[in-house]
Amino acid sequence: LRKDTAANRALLDGCGALGSFVPCPWAPMGMSQTIMAHAALKGSPLYDRRMRVEAPDGVVLLLDVKEPPPQAGGANAPVVVVLHCIAGDSGSGVVRMMNDAFVERGWRAVAYNRRGHGDSSVLPSAVGGRTRKAFPLHSDPEDLALVAEHLSRTYPGAPMAMVGVSEGANAMV
């Protein structure tokens, strides 16, 4: 619900598109939007291939890649990494829809399955008898940096961007 305060009016005045925003009637709250994000999609195949990135502690992070058409730039096609929501993975409806939209525009879409999501493993490392990374770590900058470095080496001439859905946006920031 929007509260009518001076600060909110000033914010809305500065962002014209926000002033007319109305949440969709079938998913007005965060919980329902999370559920809707996992709705089953039919149609195009999920992904063209899967990359494995091994973290120093043995965890295997998975990247599901959807390639653009060959005429879209080949190896130098821009790369966009899509980070899923808190309970999602690369198969989540919203991630698949975003990846399809990016691919249609000539981007190589990469869905990053965070530690313990999708088929990524969960093997936290023990340092000095203590677990260094507890599951789930929703915003793990070390893992995300490994993913970005891996993609930079795999596609050295391609520009790269990241987008996040809900918790994925927090991880990106």
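Residue indices begin at 1 and follow the sequence shown.
- If you take CG on Asn170 and CD on Glu167, they are separated by 4.5 Å, rounding to the nearest 0.5 Å.
- With sequence neighbours excluded, the residues that form a side-chain hydrogen bond (donor to acceptor under 3.5 Å, both in side chains) with Asn99 are Tyr47.
- Within the 4.5 Å cutoff, the side chain of Val110 has heavy atoms near those of the Leu151 side chain.
- Between the CG atom in Leu63 and the OH atom in Tyr112 there is a gap of 8.0 Å [rounded to 0.5 Å].
- Pairing each heavy atom of Ala77 with each of Pro68, the nearest pair is CB-CG, 3.9 Å.
- Counting heavy atoms from C-beta outward, Leu83 and Val165 have side chains that stay 4.5 Å or more apart.
- Between Asp57 and Arg115 a salt bridge is recorded (basic side-chain N to carboxylate O distance below 4.0 Å).
- The two residues Asn113 and Ser90 have their closest heavy-atom pair at OD1-N, 2.8 Å.
- Atom-to-atom distance recorded for Leu61:CG and Met51:CE is 13.0 Å, nearest 0.5 angstrom.
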Mind running side-chain contact (heavy atoms from CB on, under 4.5 Å) on Val80 and Met162 for me, showing each step along the way? CA-CA 5 Å; Val80 62; Met162 291 186 178; over 6 Å; no
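- Atom CE of residue Met160 and atom OG1 of residue Thr154 lie 9.5 Å apart, to the nearest 0.5 angstrom.
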Should Val65 and Asp48 be marked as a side-chain contact (heavy atoms from CB on, under 4.5 Å) after you check the CA-CA gap, both sets of side-chain angles, and the distance that decides it? CA-CA 6 Å; Val65 181; Asp48 298 317; 5.8 Å; no
List the steps, then state whether salt bridge (charged side-chain N to carboxylate O under 4.0 Å, His left out) holds for Asp64 with Arg50. CA-CA 5 Å; Asp64 289 323; Arg50 176 167 269 185; 2.6 Å; yes
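- Remark: Arg114 does not engage Asp143 in a salt bridge, criterion side-chain N to carboxylate O under 4.0 Å.
- Nearest heavy atoms, Val79 versus Ala158: CG2-CB, 4.0 Å.
- Under the 4.0 Å criterion applied to side-chain N and carboxylate O atoms, Glu67 and Arg49 are assigned as salt-bridge partners.
- With hydrogens and angles disregarded, no donor-acceptor distance shorter than 3.5 Å links the side chain of His150 to the backbone of Arg52.
- The structure places CD of Glu142 at 11.0 Å from CG of Leu144, a figure rounded to the nearest 0.5 Å.
- A cation-pi contact, defined as under 6.0 Å to the ring centre and within 45° of the axis, is absent between Arg108 and Phe102.
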